[in-house]
Structures are given as C-alpha cells and as structure tokens.
Trainee: 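The structure that follows is given in the form of structure tokens.
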Amino acid sequence: MTACQATNTANSNAIATSQKEMLLSQAGFRSKTVTTPKQQQRVNQLTQNVVSAVKYQGKMFYVYPMAKKDQILVGKQAQYDAHKQALKAQQANRQAQQTSQQAQQREQMLEGSPDWVGETAGPRHIVVEEYDGFGPLDPMQGD
C-alpha cells in the first residue's frame, strides 16, 4: 500500500513538473544547458519547482531549474508575466470544470431520485430510512 502511494505521488509530481515546464516554454522561457561546475553550483542553490528571480550582469531574469539537473528555463519579465497569466487562466478553467462537475452530480442525484421513507423505531425514536424499498438491513439475509 505504501509503495503504491509513493509511486502515485512520484508520478503526480513528475506530471506537475512537466506541465509547469510546458507552461513556461509556452510563455517564452528558453532552455539553457548548464555546462560548467560553477553554473551547476548556482542552479543547485535555486529552489526546485519554483521560478526564481535572479540578477545577471545587472539585468533581472527568471530562472526555473528543470527536472534534468543539466538544464534551466530562462525568461525575462515579459515571459514571466505571460506565465502568470497562463497559470491564472489554467486555475480559472479548473475551477469552472469543478463547478460544472458538481452541478452535473447534483442533477444526476435529483434526476433518478428514489422515494425516501422515514420511520421511527425503538425507544429513542431513531429515524430509519428506506431507499427504494431496501432498508439498512436485508431481511432476506437474516441480518
């Protein structure tokens, strides 16, 4: 069970990372290869899965270390702004889908809504509900 959860978590993280890299590339970030040990040291100092603002020769750049440790994605302010807009659009789309799914589920529940019958039983008047003629216990099974 634990091994399956670890695999699912690893797969989810890999998918999220590749989606983020794809969004950054679509926003105009360019891939650069890390070639020297000094560059590798600097990249290792960056936070994984986060776009970091860095200054290089007096100019501001946004850098994202890729899953492959030998590459980074680099963009300027325009590309970073485009990436933020794409993220907002993606989140809005996700929320709209969730709202739509919830509405569909509510409609499905109400469409074929069975008859609910409430009765009381026992000294404390516990409500017993029947669902389409089937109660919580099956009398045919001797429960």
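Side chains included, hydrogens not; waters and symmetry mates left out as well; all remaining heavy atoms used. Just so it is clear, the structure is predicted and the values come from calculations on it, not from any experiment.
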Trainee: Look at the side-chain heavy atoms of Ile, Leu, Val, Met, Phe, Trp and Tyr, link any pair under 4.5 Å apart, and say whether Tyr64 and Val54 land in one connected group.
Mentor: no
Trainee: Between Ile72 and Val51, is there shared hydrophobic-cluster membership here, with clusters defined by ILVMFWY side-chain heavy atoms closer than 4.5 Å?
Mentor: no
Trainee: Just to verify, what does Asp81 make a side chain to side chain donor-acceptor pair (under 3.5 Å) with, not counting sequence neighbours?
Mentor: Gln77
Trainee: With clusters defined by side-chain heavy atoms of hydrophobic residues (ILVMFWY) lying less than 4.5 Å apart, directly or transitively, does Val50 cluster with Leu46?
Mentor: no
Trainee: Can you tell me how far apart CE (Met22) and CG (Leu73) are? Round to the nearest 0.5 Å.
Mentor: 12.5 Å
Trainee: When rounded to the nearest 0.5 angstrom, what is the spacing between CZ in Arg30 and NZ in Lys76?
Mentor: 11.5 Å
Trainee: Just jot down the side chain to side chain contact (heavy atoms under 4.5 Å, CB included) partners of Arg42, sequence neighbours excluded, or say none.
Mentor: Lys38, Gln45
Trainee: Could you state whether Val63 and Met66 fall into the same hydrophobic cluster, counting links through intermediate Ile, Leu, Val, Met, Phe, Trp or Tyr residues with side-chain heavy atoms under 4.5 angstrom apart?
Mentor: no
Trainee: Between Asn44 (side chain) and Gln40 (backbone), is there a donor-acceptor pair under 3.5 Å?
Mentor: yes
Trainee: Keeping Gln91 on the side-chain end and Lys88 on the backbone end, is there a donor-acceptor pair under 3.5 Å?
Mentor: no
Trainee: Among pairs that include at least one residue of residues 76-104, which meet ring-ring contact (aromatic ring centres under 6.0 Å, His included), considering only residues two or more places apart or in two chains?
Mentor: Tyr62-Tyr80
Trainee: Between Tyr56 and Phe29, is there a shared hydrophobic cluster once you connect ILVMFWY residues whose side-chain heavy atoms come closer than 4.5 Å?
Mentor: no
Trainee: Give the minimum heavy-atom separation between Val34 and Gln71, together with the two atoms involved.
Mentor: CG2-N, 4.1 Å
Trainee: Is there a donor-acceptor contact under 3.5 Å from the side chain of Ser100 to the main chain of Ala96?
Mentor: no
Trainee: List for me each residue that meets side chain to side chain contact (heavy atoms under 4.5 Å, CB included) alongside Ala67, sequence neighbours excluded, and say none if there are none.
Mentor: Thr17, Glu21
Trainee: How would you list, by chain and number, every residue that makes a side chain to side chain donor-acceptor pair (under 3.5 Å) with Gln39, sequence neighbours excluded?
Mentor: Thr35
Trainee: Taking ring pair (Phe, Tyr, Trp, His ring centres under 6.0 Å) as the definition, give me every residue that meets it alongside Phe61, ordered by chain and number, with sequence neighbours left out.
Mentor: none
